[in-house]
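Below, read A as the first sequence line, B as the second, and so on, with proteins coming before strands; counting in each chain starts at 1.
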There are 2 protein chains.
Amino acid sequence: MKAGMYYGIKDVRLEDLPKPAAGKNDVVIKVVSAGICGTDVHAYLHNGDPVGIHSGNQFGHEFVGQVVECGENVKDISAGMRVTINPTARIPLGRGLNSTEIADMSGAFSEYVLVEEAKMGWNVFQLPDSLPFEKAVLTEPLSVSTHGVNCAGLSGGEKALVYGAGTIGLCAIAALQNKGVSQIIVSDINDGRLAMAKELGAIPFNSKNGSLPDFVKAQFGTVKGNSDEDCIDAGVVIDCAGVGSVISEFMDNAKTLSKLIVIAVHGANVELSPYWLLAKEVSLIGSRGYTPADIQDAIAALARPGCRLPAIITARYPHGDFVKAMAKAAEPSSIKVAVDYE
Amino acid sequence: MKAGMYYGIKDVRLEDLPKPAAGKNDVVIKVVSAGICGTDVHAYLHNGDPVGIHSGNQFGHEFVGQVVECGENVKDISAGMRVTINPTARIPLGRGLNSTEIADMSGAFSEYVLVEEAKMGWNVFQLPDSLPFEKAVLTEPLSVSTHGVNCAGLSGGEKALVYGAGTIGLCAIAALQNKGVSQIIVSDINDGRLAMAKELGAIPFNSKNGSLPDFVKAQFGTVKGNSDEDCIDAGVVIDCAGVGSVISEFMDNAKTLSKLIVIAVHGANVELSPYWLLAKEVSLIGSRGYTPADIQDAIAALARPGCRLPAIITARYPHGDFVKAMAKAAEPSSIKVAVDYE
């Protein structure tokens, strides 16, 4: 089979590898469409090792495809099923790989992927017939954002603020809409990404152009906090930006019982007032990865009529042009680049 | 009626005030037992204004009693009922008092308390016949701790770590036990309070004597975190101490998906790593006050056979000795001091 391999900075190749074979408890999936993740781009531009993509290995972890082979013990999955996987649960732990490496070396950029110890609803997920592969390829990044939204335990009717209009921030819009949240402000400093946020149904704000809290107050109105302060009327704030000012801006403006979900990777520490955490009754919640339930939610969100998320796929390449697809994904104007197999 | 009044530092008095009368929507409660809160002690020793206790006013907000008068519109409360109240919902907001002042000037140290706009299950709560007043007087502080525990959304079987063995930390033991948590470590630097924690069924640790994380690991065992680090096996950590090291110690040792509930008032900011919040999938949750559901939980916890919490009442005084009771409550060796009315 043709396999997308990582060798180092700007060095990815399509090579011939043996097609994997299913053991008794395994399935083999023929990949139909794959997405290039920010992690893959980081490896491509900088260094794969910190993100679990090592030289000489297959990589890619966002994909959908069709089951072509099932081990004899696998009862709940059958050949021909249209599926996606949970790459973080792809093979059992304990082989010297951490969960990041396991996910990031799944081999989404190869024609066939082996899923060991395959179990429907744990590491393999069936796609509804109504959801075409070219949309379903967004399941994995949408699962990341869905996990963040689910961590907030929304009770309905909330308004939301999302920091960052990259893939995860844009997916957060769809994840919020899937939970009935329709009033969403998205902040970024890139007008192209903000235009995409608007296309998905959010209210965009370029934080270069003024005070985001003031904008949110003007759009959503204010509510009084426990200390009679004016707070932004957003029940959930999702950090897909990873800059320290997100935390301080949240603490300064958050309303009673609101939650900040941190999905973005921060590079620096911040100063926090535990007093205001208490006085405002707010929560800071770290969101990492996703659960099987989140994946099911993400599939349902993509299958929802009117889901506009597939607009974030700004380019598609055939698998034979995988190397070009990687270069394209690394361009700043790209959002999501997909690789389609014949 | 005899009313406990606040005039300033070490200046509290029993004075004669007119007995309150119930309006159409109100009830009057004859106080049977009251508790002296840390807030009351703070006002007594330092200054009442920051905690909502102003000179020349009644104070105290922890009490139980019997309804003696009901307004004609009050249908769900009747004279003779044994009750406690939600002091934070005692009178409608919007009379120039904030919720802290409303609570702290309830008048628990007076013979009769007026509850305006009385509504069962909102600002008035019935006590079960099986729960004597002398135990029920702990409902309010236990509600504070119960709110913290309920913020954690425990799923059962967790082990817990509590920082601080003051009244709220000790009440947290009972609140946790009421939710089925039996393995609880309590840390403090006061051996007397730790002895009380042990009496309530917790494992005490004096953090002057070594490393608390090491002790917790030895008692509860360790679990691996997402980055293969050794974590303490506590699903919930409750901060009733209010020192910055609690936050950093939690971030350094917390296991995946565990939660730090901040009930204590911190005086200083701390440094926080949003990266580790994400990488460990942990939450920092500010807990303030309580809801009607928390109060119901606290009443149920106190009524539970085997609830040992009333042991924290280290002294009881008749109402006529209210001034002595305040002085006693201000002694460092006191935990909870109760005032009993004839």
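Looking at Val265(B), the atoms closer than 4.5 Å to chain A (heavy atoms on both sides) sit in the backbone and in the side chain alike. Contacts of Asp239(B) with chain A are absent, with no heavy-atom separation under 4.5 Å from either backbone or side chain.
When each of Leu257(B), Leu284(B), Ile285(B) is checked for heavy-atom pairs under 4.5 Å with chain A, Leu284(B) comes out on top. When the candidates Val262(A), Val270(A), Val282(A) are compared by the number of heavy-atom contacts under 4.5 Å with chain B, Val270(A) comes out ahead. Between chain A and the options Pro274(B), Ala268(B), Ser273(B), the largest number of non-hydrogen pairs under 4.5 Å is found for Pro274(B).
Note that CD1 of Ile263(B) is 12.0 Å distant from CG of Leu277(A), once rounded to the nearest 0.5 Å. For the atom pair CZ of Arg288(B) and NZ of Lys280(A), the computed distance is 11.0 Å after rounding to the nearest 0.5 Å. The line from SG of Cys151(A) to CD of Glu281(B) is 7.5 Å long, rounded to the nearest 0.5 Å.
Within 6.0 Å of the NZ atom in Lys119(A), the count of heavy atoms belonging to other residues, nucleotides or ligands does not exceed 12. Residue Leu45(A) places its CG atom among more than 12 non-hydrogen atoms of other residues, nucleotides or ligands, all under 6.0 Å distant.
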- Message: One pair to check against side chain to side chain contact (heavy atoms under 4.5 Å, CB included): Leu272(B) and Glu271(A). What are the steps and the verdict?
- Response: CA-CA 6 Å; Leu272(B) 176 76; Glu271(A) 192 179 350; over 6 Å; no

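For residues 162-171 of chain B, an interface with chain A (any heavy-atom pair closer than 4.5 Å) does not exist.
Summarising the geometry of Ala264(A) relative to Leu278(B), their closest heavy-atom pair is O-CD2, 3.7 Å, with the distance given to 0.1 Å.
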